[in-house]
Amino acid sequence: MNVVRVTELSDPRLSDFANLTDVALRRRTEPEGGLYIAESSKVIARALRAGHIPRAVLVLEQWLDDVAELLGDADTPVYVGESALLEQLTGFNLHRGALASMHRPPLRSVAELIEGARRVVILEDIVDHTNVGAVFRSAAALGADAVLITPRCADPLYRRSVRVSMGTVLQVPWTRIPNWPADAQQLKAAGFHLAALALSENAIDLDTFAANAPERVALVLGTEGDGLSRQTIDAADSVVKIPMMHGVDSLNVAAASAVGMYTLRVR
């Protein structure tokens, strides 16, 4: 294994891991064809199983054996250092032991992703990376076949999203749907029934909808605060709601996604 001991932080080979603040990381990793950061041995393992290619790994000494087992004979450089030094480099404590800079795979087309799918989740402009990661974890756990995200939605491969999802963003098929809500017609042409989760006068209870759910359903979830756009609600085939009690009008979008996916799961 290509092990490099980190003794000083000026080494340009460490640039993938330098100053991983929210703004800096987002700027460096979001462009198509760039990188993303996988944090922890578990997430790195998921990335490798998904066929993603590491460019470099940063690891604490006590986690080196775990990383060595994951990488095998790969020639990926593995930078090893003490906790205090690596915290100066990254800007946070590496309590999860390891980081890997991974090459982003190319995004697949919407048509390819929905072929054969029966349950799809669409995220409209969800901007909180924690919520995005939580939705992906529910999608993996509850059997969604794919996730589509609109152009303004937060990056699923942002470090926080990957971490919150427990790496499931690396196993649930996803892509960006470029012209939303106009591209809703593409899903309808493929036989999907668009179910918008929203508060609306004509909304039906989720249980009622699920009792006779169509063969192919795309569950559409809206941004924090404002929810779905009026254009998206108008484009939907059905508007559904989760009945609330005790004066509560709605759930956090990540919690709502879990309820929706569980209720609409293919039995």
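Note that this is a predicted model, so its numbers are computed, not measured.
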Indicate the ring-plane relationship of His193 and Phe209, choosing parallel, tilted or perpendicular according to the 30° and 60° boundaries.
tilted
Indicate the atoms forming the closest heavy-atom contact of Ser83 with Leu60, along with that distance.
CA-CD2, 3.5 Å
Please step through ring-ring contact (aromatic ring centres under 6.0 Å, His included) for the pair His52 and Tyr36, ending with a clear verdict.
CA-CA 10 Å; His52 299 188; Tyr36 73 90; 5.7 Å; yes
Examine Val67 and Leu58 and state if one hydrophobic cluster contains both, with Ile, Leu, Val, Met, Phe, Trp and Tyr joined whenever side-chain heavy atoms are less than 4.5 Å apart.
yes
Asp66 bridged to Lys42 by N-O distance under 4.0 Å:
no
Without swapping roles, check the side chain of Asp205 against the backbone of Asp207 for a donor-acceptor pair under 3.5 Å.
no
I would like to know whether Glu82 and Arg5 meet salt bridge (charged side-chain N to carboxylate O under 4.0 Å, His left out); could you show each step before the answer?
CA-CA 9 Å; Glu82 297 299 324; Arg5 301 286 170 180; over 6 Å; no
Determine the minimum heavy-atom distance between Leu221 and Ser257, stating which atoms define it.
CD1-CB, 3.4 Å
Donor-acceptor side-chain pairing of Thr223 and Asp125 below 3.5 angstrom:
no
Test item: Thr90 side-chain N/O and Leu86 main-chain N/O as donor-acceptor pair under 3.5 Å
yes
Is it the case that more than 12 heavy atoms not belonging to Glu112 sit under 6.0 Å from its CD atom?
yes
Please check if the side chain of Thr168 supplies one atom and the backbone of Ala140 the other of a donor-acceptor pair under 3.5 Å.
no
Val259 backbone acceptor or donor facing Thr263 side chain under 3.5 Å
yes
Check for a donor-acceptor pair, side chain of Ser165 on one end and backbone N or O of Ala134 on the other, with a separation under 3.5 Å.
no
Can a donor-acceptor pair be found, under 3.5 Å and without considering hydrogens, that links the side chain of Glu224 to the backbone of Val127?
yes
Does this structure show an ion pair linking Glu215 with Arg119, if we count only N-O contacts that are shorter than 4.0 Å?
no
Within 45° of the six-membered ring axis of Tyr158 and under 6.0 Å from that ring's centre, is NZ or CZ of Arg160 located there?
no
Are the side chain of Lys241 and the backbone of Glu201 linked by a donor-acceptor contact shorter than 3.5 Å?
no
SB check Asp145 Arg118 (cutoff 4.0 Å)
no
Side chains of Pro77 and Arg13 in contact at under 4.5 Å (non-hydrogen atoms):
no
Answer with yes or no whether the hydrophobic clustering places Leu123 together with Leu187; edges join I, L, V, M, F, W, Y residues whose side-chain heavy atoms lie under 4.5 Å apart.
no
Looking only at side-chain N and O atoms, does Thr232 offer a donor or acceptor that is under 3.5 Å from a partner on Trp180?
yes
Might you confirm whether atom CG of Asn202 has over 12 heavy atoms from other residues, nucleotides or ligands at distances under 6.0 Å?
yes
Looking at Glu69, I'd like to know if its CD atom is crowded, meaning that more than 12 non-hydrogen atoms belonging to other residues, nucleotides or ligands lie closer than 6.0 Å.
no
Other residues, nucleotides, ligands: >12 heavy atoms within 6.0 Å of Ile53 CD1
no
Does any N or O in the side chain of Ser40 come within less than 3.5 Å of the main-chain N or O of Val43, such that one atom is a donor and the other an acceptor?
yes
Within a radius of less than 6.0 Å around CZ of Arg152, do more than 12 heavy atoms belonging to other residues, nucleotides or ligands occur?
no
Glu115 atom CD: more than 12 heavy-atom contacts under 6.0 Å
no
Does the Arg216 side chain pair with the main chain of Ala117, one donor and one acceptor, at a distance under 3.5 Å?
yes
Treat each ILVMFWY residue as a node, draw an edge where side-chain heavy atoms are under 4.5 Å apart, and state whether Val240 and Leu142 are in one component.
yes
Is it the case that over 12 heavy atoms from other parts of the model lie below 6.0 angstrom from the CZ atom of Phe92?
yes
Between Leu148 and Val120, is there a side-chain heavy-atom distance shorter than 4.5 Å?
yes
Would you kindly confirm whether Val110 and Ile126 end up in one hydrophobic cluster when ILVMFWY residues are joined by side chain heavy atoms under 4.5 Å apart?
no
Co-membership, hydrophobic cluster, residues Val220 and Val132, 4.5 Å side-chain
no
Would you confirm whether Arg176, through its side chain, and Pro151, through its main-chain N or O, come within 3.5 Å as a donor-acceptor pair?
yes
